[in-house]
2 protein chains.
Amino acid sequence: MASIHDVAKEAGVSVATVSKVINNYPDVSDKTRKKVSQTIKQLKYHPNVAARGLVKGRSWTVGVFVTTSFTNPFVSELLEGIKTALQNSGYDLVLLSTRFDDPNYSFVEHCLSRNVDGVVGFGVARNDPHLEELLESDIATMFVDADIRGRRAGYITTENKAGIMQAVEHLVELGHSRISFISGELDKAVGVLRHEGFMEGMKAHNLSVNPDYVRISDYSMEGGTRAMNDLLALNERPTAVVCTSDMMAFGAINVIHRSGLSVPEDISVIGFDNTYYSEIFSPALTTVNQNIPSIGSHAIETLIAMIENSDFAPSVVTEPSNLVVRCTTAKPRK
Amino acid sequence: MASIHDVAKEAGVSVATVSKVINNYPDVSDKTRKKVSQTIKQLKYHPNVAARGLVKGRSWTVGVFVTTSFTNPFVSELLEGIKTALQNSGYDLVLLSTRFDDPNYSFVEHCLSRNVDGVVGFGVARNDPHLEELLESDIATMFVDADIRGRRAGYITTENKAGIMQAVEHLVELGHSRISFISGELDKAVGVLRHEGFMEGMKAHNLSVNPDYVRISDYSMEGGTRAMNDLLALNERPTAVVCTSDMMAFGAINVIHRSGLSVPEDISVIGFDNTYYSEIFSPALTTVNQNIPSIGSHAIETLIAMIENSDFAPSVVTEPSNLVVRCTTAKPRK
DNA sequence: CTGAAAGCGCTTACAG
DNA sequence: CTGAAAGCGCTTACAG
């Protein structure tokens, strides 16, 4: 690899001058600029990012802090949105590999050693051991789906409450009243908000909530399976269930089918996320849409704004949600 | 951030000595080592990776070159495997953001500026404009599912041919002879090998291949949809179809159902990949299993071996495949 | 408009 | 066993 010295020597100028043309400084004569540019091409010179970063104290790099599996379709679509927004931004994404063999591994120190300019976090619980340290650091951060704020930390999420309320409303309009809710954990904002949405939605229609109908679970298919099994075991089972993820809904529907009942004839099911598979699944899933790739893109865009302008106040962004009615909801049996 | 100088000053030693204890050099007295270690903890010092990389000429970083969407379930599972293997390895993954606004953007130059120690490539076609440059460079590379080799490049793939042959055999045993094949593009090794597998599989059972039954497509659901539409329009339609991805199979099955026929009663369908969703989909998909996460892990492991030992010959690794029979294959109607 | 020099935070011969 | 010094490849006042 040619270095800036090679270019300087070849072009017959100083390294300072080469640096100036690389960085598009105005105080270089056209003649010199041309000569240097030519030499750069000729030598296939490309600035060493580490060296530049060393003096500038940055890395043009954004770290990700994802606590869930990449096979989670939400994460895939989020990453896709992140990738798109990163395109042409000059920043690269780095996946910080956690070192589990080191008992006092610190995500923040890892970011600091790598000089990461910002991080986007997903699936971060309020009690995550790394969270406080991250908020105290001066690393610009955007959380996805967590209402965590800090001096340099903002977040982006979907209209969670409104989304669930729409789902409830849809079921009520179809004539359901024995409505169940498979909630996510209540240690994260998303879980709490969707839970509130359910409660408020029911209240808005003067429906009482049967405590047996509310199950706390995780967002996985297995979680949906388990919760649905419990619900089917009740004396009076619900006629409709609102799930807080598509995966949970898939699990629930499979259980219902396996027990000889059918969706939506016997039980209506609604998901949340509108991931790619909700359309492929059969029956196609009625679900609350979040525009996931756009959440990823916006997270990156505001993160970069925060990085490049330290005055930029950490944003709180809320993306709209809307119900997508497909084939898993219908009127209850008489 | 404390620097090595701060530590040296605080501990009352030289920076050279601090460097030696950081790097576990033996020629440091126990007393000094202890003192320095203590100071490091106290100051929460962590070496700057960029500075270290600058002098060592490396970055402890692996780049990914993925041409498809992250929402592709194969990619998700691959990334998950990669993530696992990276854990505790000391390497971080970097997603090099392509700069489409720059007509002469070069992936290799990007790698060189970032000083990436190695790259794993997926979805790279033989005629990719960046490929030759990459092979000529001295960057250690592992390709996934592409039979590309170079001085510093190896690859890892699944037993593609054998996998398809098993699929054909399964159908023949069920009594099928009008077997169709929805192939991937033939510009990549995977496509060619699976195609060969089909041809050989048919031949092995003395079945002739109806040219109308072989459709070239991409690996997407839309691709499967299109191909299946063509097949259904034939005068004599096949009784079974072997697809080269699960997504294609999902598309094909949806088309079949939409046309009023049923799977597997009217037409048997086999997928390829055994991604997470093949089990969730209903009917659950009969498919050729690839152990995708393990492909990702092995790619990283051999890549790191190549990076750390320049004598390590670029490997060619083949993972086994096996047919997973679920609910989309059955005897043909009489 | 141009360049010499210091410095970013490390590592590594080398001398003692 | 310890440390002074050079150097990795850049950028940035500053002087001219």
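Lettering of chains follows the sequences in order, A, B, ..., and the numbering in each one begins at 1. Note that the structure is a prediction, hence the values are computed from the model and not measured.
Distance B/Arg114 CZ to D/dC8 P: 22 Å, rounded to the nearest Å. A straight line from CG of B/Asn115 to C1' of D/dC10 spans 13 Å, rounded to a whole angstrom. In this entry the distance linking CD1 of A/Ile4 with P of C/dA4 reads 13 Å, nearest Å. Atom P of nucleotide C/dC10 and atom NE2 of B/His46 are separated by 11 Å, given to the nearest angstrom. Regarding A/Leu112, its CG atom lies at a distance of 18 Å from the P atom of C/dC8, rounded to whole Å. Between the NE2 atom of B/His5 and the C1' atom of D/dG3 there is a distance of 12 Å, rounded to whole Å. Rounded to whole Å, the distance from CG on A/Asp6 to P on D/dC10 is 9 Å. If you take NZ of A/Lys56 and C1' of C/dG9, they are 17 Å apart, rounded to a whole angstrom.
Checked against C/dT2, C/dC10, D/dG9, the side chain of A/Asp27 finds its nearest nucleotide in C/dT2. Here D/dT11 is the nucleotide among D/dT11, C/dT11, D/dG3 with the atom lying nearest to any side-chain atom of A/Ser19. Comparing D/dC10, C/dA4, C/dC10 by their nearest atom to the side chain of A/Ser14 picks out C/dA4. The A/Leu54 side chain lies nearest to C/dC8 when the options are C/dT11, C/dT2, C/dC8. Picking from C/dT2, C/dC10, D/dC10 the nucleotide with the shortest atom distance to the side chain of A/Thr32 gives C/dT2. Of all nucleotides listed (D/dT11, C/dT2, D/dC10), D/dT11 comes nearest to the side chain of A/Asn23. For B/Ser29, the side-chain atoms get nearest to D/dT2 when compared with the rest of C/dC1, D/dT2, D/dG9. When distances are taken from the side chain of B/Ala16 to each of D/dA5, D/dC10, C/dT2, the shortest belongs to D/dA5.
For the residue pair B/Thr61 and B/Asp117, no side-chain donor N or O sits within less than 3.5 Å of a side-chain acceptor on the partner. Remark: the A/Ser294 side chain and the A/Ser297 side chain contain no N/O donor-acceptor pair separated by less than 3.5 Å.
Within the 4.0 angstrom heavy-atom criterion, only backbone atoms of the sugar-phosphate kind lie near A/Ser3; the bases stay farther away. When heavy atoms are screened at a 4.0 angstrom cut-off, A/Lys20 is found touching base atoms of the nucleic acid. Among the heavy atoms of the strands, none lies under 4.0 Å from B/Val49. Contacts of A/Asn48 with the nucleic acid, taken as non-hydrogen atoms under 4.0 Å apart, involve only primed sugar atoms and P, OP1 or OP2.
Aromatic pair B/Phe65/B/Phe143: ring centres not closer than 6.0 Å. For A/Phe74 and A/Tyr219, the gap between ring centers reaches or exceeds 6.0 Å.
Judged by closest nucleotide on DNA chain D, B/Arg33 is the one of B/Arg33 and B/Ala51 placed further toward the 5' end.
Using a cut-off of 4.0 Å between Lys/Arg side-chain N and Asp/Glu carboxylate O, B/Asp138 and B/Arg151 are scored as salt-bridged. No salt bridge links B/Arg126 with B/Asp187; every basic N to acidic carboxylate O contact stays at or beyond 4.0 Å.
Of all nucleotides present, only D/dG16 satisfies the Watson-Crick or G-U wobble test against C/dC1, with each distance under 3.5 Å.
Note on A/Thr17: every side-chain N or O is 4.0 Å or more away from OP1 and OP2 of C/dT2. Dashed line: the shortest gap from a side-chain N or O of B/Lys31 to OP1 or OP2 of D/dC1 is not under 4.0 Å. Contact annotation: B/Tyr25 reaches the phosphate of C/dT12 (side-chain N/O to OP1 or OP2, under 4.0 Å).
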